[in-house]
Structures are given as structure tokens and as C-alpha cells.
Asks: 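Can you keep this structure in mind? I'll have questions shortly.
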Amino acid sequence: MSYTNRKEKIGVVVSNKMDKTVTVLVSRRIKHPVYGKYINRSRKFMVHDEANACRIGDTISIVETRPMSRNKRWRISEIIDHAPDAK
């Protein structure tokens, strides 16, 4: 079975307080249509984390999946970079 049509995004974990769910902030840069200035736009996604493996600050790749709850439609594809331990 091929999953080539699924959307993928890369973002940073901003919250992991829920069980098996993390909140991921995905940022992108767009060019303003009139002024030409580049603007940062961001959006938060609720992502399914089956193993509770993510920590705040981790960079992860997420992939679109079936609806898992009212707000969750994404799951973790891979953890790209772990956040450094804060002490």
C-alpha cells in the first residue's frame, strides 16, 4: 500500500502534557503579495504520539492520518532532532 499522497510537515513540539498527544508548531515563510516582504506564519497541530517519546523542543516530522479524535488528524513520522536537556 502506498502512502505517497499523505501530507508531511516538520515542526517543533511545544506541549506534551497530554497522554499520547503532543502539540506541534509548524512555521512557514510566505511572501506578502503586495509588499514583497517575507512573513512568518505558524499553526499548531495536535499529533498522536503512541509511545510518549517526544519532549518539548524536539523537531519532528508529522504525517496526515485518519481522524483519531476531534482535533487529532496527524501522527509522528519520525523524531528528527531531540531537544538539548535543560538544567
Side-chain angles (χ1 to χ4, degrees):
M1 188 181 262
S2 177
Y3 297 110
T4 57
N5 292 340
R6 297 190 183 222
K7 296 176 192 160
E8 283 195 45
K9 298 184 184 294
I10 295 176
V12 178
V13 176
V14 293
S15 174
N16 64 350
K17 294 184 179 185
M18 297 165 278
D19 186 32
K20 296 187 179 182
T21 304
V22 293
T23 304
V24 177
L25 183 73
V26 175
S27 298
R28 61 191 179 99
R29 290 173 55 91
I30 63 161
K31 190 173 183 177
H32 191 280
V34 174
Y35 300 114
K37 182 178 178 178
Y38 284 94
I39 307 165
N40 291 323
R41 296 281 185 215
S42 61
R43 181 163 175 206
K44 286 195 230 178
F45 294 97
M46 305 282 268
V47 179
H48 185 67
D49 181 12
E50 182 66 36
N52 285 323
C54 292
R55 300 183 309 230
I56 294 176
D58 288 355
T59 302
I60 63 172
S61 173
I62 61 175
V63 65
E64 196 174 33
T65 186
R66 66 178 177 83
M68 297 195 168
S69 70
R70 189 178 83 175
N71 296 322
K72 273 201 294 189
R73 275 109 174 96
W74 298 83
R75 65 178 163 80
I76 293 176
S77 174
E78 68 173 318
I79 299 174
I80 297 170
D81 187 29
H82 280 291
D85 292 332
K87 292 185 181 181

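We're numbering straight along the sequence, starting at 1.
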Asks: Are Ile76 and Phe45 grouped together when hydrophobic residues (ILVMFWY) are joined by side-chain heavy atoms under 4.5 angstrom apart?
Replies: yes
Asks: With a 4.5 Å cut-off on side-chain heavy atoms, are Ile10 and Thr59 touching?
Replies: yes
Asks: Within the structure provided, determine whether Glu78 and Ile60 are in side-chain contact (heavy-atom separation under 4.5 Å).
Replies: no
Asks: Could you report the tightest heavy-atom contact between Ser61 and Glu8, atom names first, then the distance?
Replies: OG-OE1, 3.5 Å
Asks: Could you check Lys20 against Glu50 for salt bridge (charged side-chain N to carboxylate O under 4.0 Å, His left out), going step by step and ending with a plain yes or no?
Replies: CA-CA 5 Å; Lys20 296 187 179 182; Glu50 182 66 36; 3.2 Å; yes
Asks: Looking at every heavy atom in both His82 and Ala53, which two are closest together, and how far apart are they?
Replies: CE1-O, 4.4 Å
Asks: Same cluster or not: are Ile62 and Val12 linked, directly or through other Ile, Leu, Val, Met, Phe, Trp or Tyr residues, by side-chain heavy atoms under 4.5 angstrom apart?
Replies: no
Asks: Is any side-chain heavy atom of His48 closer than 4.5 Å to a side-chain heavy atom of Trp74?
Replies: no
Asks: Do Asn16 and Cys54 have side chains that get closer than 4.5 Å, going by heavy atoms?
Replies: no
Asks: Crowded around Arg43 CZ? As in, over 12 foreign heavy atoms under 6.0 Å?
Replies: no
Asks: Can you find a pair of side-chain heavy atoms, one from Met18 and one from Met46, that are under 4.5 Å apart?
Replies: yes
Asks: Please tell me if the side chains of Ser27 and Asn40 come closer than 4.5 Å, counting only heavy atoms from C-beta onward.
Replies: no
